[in-house]
Number of protein chains: 2
Amino acid sequence: MSLYLPYTVGLMAAKKENRKLDRSTEEKIKSAARTVFHKKGFAATRTREIAEEAGINLALLNYYFRSKEKLFQIIMLETMQGFYQTMIIVFMDGSTTLEEKIEQVAEKYIDLVVEQPEIPLFILSEIRNSSGDFFTKLPINELLKKSSFMQQFQEAVQQKKVADVHPIHFVLNLMGLIVFPFIARPVLTHLGEMADAQFRTVMEERKKLIPVWMKTIMAP
Amino acid sequence: MSLYLPYTVGLMAAKKENRKLDRSTEEKIKSAARTVFHKKGFAATRTREIAEEAGINLALLNYYFRSKEKLFQIIMLETMQGFYQTMIIVFMDGSTTLEEKIEQVAEKYIDLVVEQPEIPLFILSEIRNSSGDFFTKLPINELLKKSSFMQQFQEAVQQKKVADVHPIHFVLNLMGLIVFPFIARPVLTHLGEMADAQFRTVMEERKKLIPVWMKTIMAP
DNA sequence: AAATGTTTTAATCATATGATTAATTTGTAA
DNA sequence: TTACAAATTAATCATATGATTAAAACATTT
């Protein structure tokens, strides 16, 4: 009998681990959902594919998340949070200069999006349909307005170190230069026969180039 | 009896017009399809919605175009053609300088996309899934390689008028600066409370600004 | 070990959706 | 006018898809 104890204990431990992995089951589903949603978008995603990717029964998905919509909203919110966090952190930092902030944003964002290239297109194409509910749940606007970045930027304009154009140009240029290549990636691949390695090289170059370009662009 | 003749003739004329509008029926369906596909993308589009938008019976859609896929491919191809045509025309023109080409591309593209703001996001998000079939059907690659633009660009590099970085940076910067604002438009709307009128103003400004920026960016 | 609650599954449902069919209307020509 | 072809429609089909249910497996507590 005692011979079975270790086995049983082992089994119990494994099961207990699985039990703790209740969280892991939930996480497995979320992870699979992230993968599929990011790649295909909400409308083209089948819950069955998420279930298969997660290695679980379809019913379990609804058991944990009630519906495809609810699961999607969670993924969407987390994705946006993850994306804006980088910008928020850099822009709130009072100890860096305006130039340093640009350098850091370029570097960190390119790193982020090299890891997860589908994110920009995912966010932008899903926002186009959904009403702006996601934004009301994220206090990005308020944070940015009070940020160290905004102060420094307005100062720079007053001191005529930066051209006096609408600040939106600055944001559009910076994010466009960083993010657009990843959105247009498939076009490059098909059109210019650009391989993965070359693309990475180009994006590494841009880490250095974008801050330089931004300075010359925004000069008065 | 003759009293009825005008009416009948009138009716006939109207019907005959409708008959000529066989083409118009096809065109009505395509136009509706364009609208809905552009706005929602392939996966989120319902053929019933296209039919309703076109004011025709659902079966008629399949009568003219066989399937949703076939109809979509036609729309997609025409949309891409329309989008690239602008670039091709400007870039092939041997009578303009490199600077003028940039000015013209910025101006024409912003005009184009102000009229049809959904196009960039539509093209880019649909390409992400579909295999690159659409590109093989469009000879963009070959045309651009032989274009006046390419010649002038390579000349400028040799004469050290333009920085010697990978030419892809040039394309990414130009298209990113032009197109990205339209892709990010919903974010601006929700985040920055930016209204239509203001957005248009900003884009008008960019017609002038982008060529200037491109020059300073690409200087050695 | 028994009882209880939680997680997981197989089977099934209800509806949405793309497509087809058979009949009807309309236009054209003899 | 009649006959024939083309365009259009209402009704229907087949399947995909999100969701639910009832039972089984598993874990936890007593």
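Proteins come first, then strands; the chains are lettered A, B, ... in the order of their sequence lines, and each starts at number 1.
In this structure, the side-chain contact (heavy atoms from CB on, under 4.5 Å) partners of B:Ser148, at least two apart in sequence or on a different chain, are B:Lys101, B:Gln152. Applying the side-chain contact (heavy atoms from CB on, under 4.5 Å) rule to A:Arg185 yields the partners A:Thr189, A:Asp196, A:Phe199; only residues at least two apart in sequence or on another chain are considered.
The CD1 atom of B:Ile56 sits 17 Å away from the C1' atom of C:dT26 (whole-angstrom rounding). In this structure, A:Asn62 atom CG and C:dT9 atom P are separated by 13 Å, rounded to whole Å. Between the C1' atom of D:dT17 and the CZ atom of A:Phe42 lies a distance of 12 Å, rounded to the nearest Å. Separating the CG atom of A:Leu58 from the C1' atom of D:dA16 is a distance of 12 Å, rounded to the nearest angstrom. Rounded to whole Å, atom P of D:dA7 lies 10 Å from atom CD of B:Glu26. A:Leu60 places its CG atom 17 Å from the P atom of C:dA11, with the value rounded to the nearest Å. Between the CZ atom of B:Phe65 and the P atom of D:dA7 there is a distance of 13 Å, rounded to whole Å. The separation between A:Lys70 atom NZ and D:dG18 atom P is 15 Å, rounded to whole Å.
Nearest nucleotide to the side chain of A:Asn57, out of D:dT9, C:dA19, C:dT9: C:dT9. The nucleotide whose nearest atom lies closest to any side-chain atom of A:Ser67 is, among C:dT8, C:dA19, D:dA19, D:dA19. Here the side chain of A:Tyr64 is nearest to one of C:dT9, C:dT8, C:dG18, namely C:dT8. Of the listed nucleotides (C:dT9, C:dT21, C:dA19), C:dT21 has the atom at the smallest distance from the side chain of B:Ala59. When the nucleotides D:dA19, D:dA6, C:dT21 are ranked by their closest atom to the side chain of B:Tyr63, D:dA6 comes out on top.
In this model, a donor atom of one side chain and an acceptor atom of the other lie less than 3.5 Å apart for A:His169 and B:Glu205.
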Decide yes or no on ring pair (Phe, Tyr, Trp, His ring centres under 6.0 Å) for B:Phe72 and B:Phe37, but give the supporting numbers first. CA-CA 8 Å; B:Phe72 176 78; B:Phe37 279 140; 5.0 Å; yes
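Among residues at least two apart or in separate chains, salt bridge (Lys or Arg N to Asp or Glu O under 4.0 Å) pairs with a member in residues 106-131 of chain A are A:Asp111-A:Lys207. Residue pairs meeting the salt bridge (Lys or Arg N to Asp or Glu O under 4.0 Å) criterion with at least one partner in residues 47-74 of chain B, sequence neighbours excluded, are B:Lys40-B:Glu49.
Taking 4.0 angstrom as the limit, B:Thr25 places none of its side-chain polar atoms (N or O) nearer than this to OP1 or OP2 of D:dA7.
Within residues 46-53 of chain A, the residues approaching DNA chain D are A:Arg46, A:Thr47, A:Arg48, by heavy-atom distance under 4.0 Å.
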Which atom pairs, donor and acceptor, lie under 3.5 Å between side-chain atoms of residues 80-95 of chain B and protein residues at least two apart or in another chain?
unit_1: B:Asp93; atom_1: OD1; unit_2: B:Ser95; atom_2: N; d: 2.8
unit_1: B:Asp93; atom_1: OD1; unit_2: B:Ser95; atom_2: OG; d: 2.7
unit_1: B:Asp93; atom_1: OD2; unit_2: B:Ser95; atom_2: OG; d: 3.4

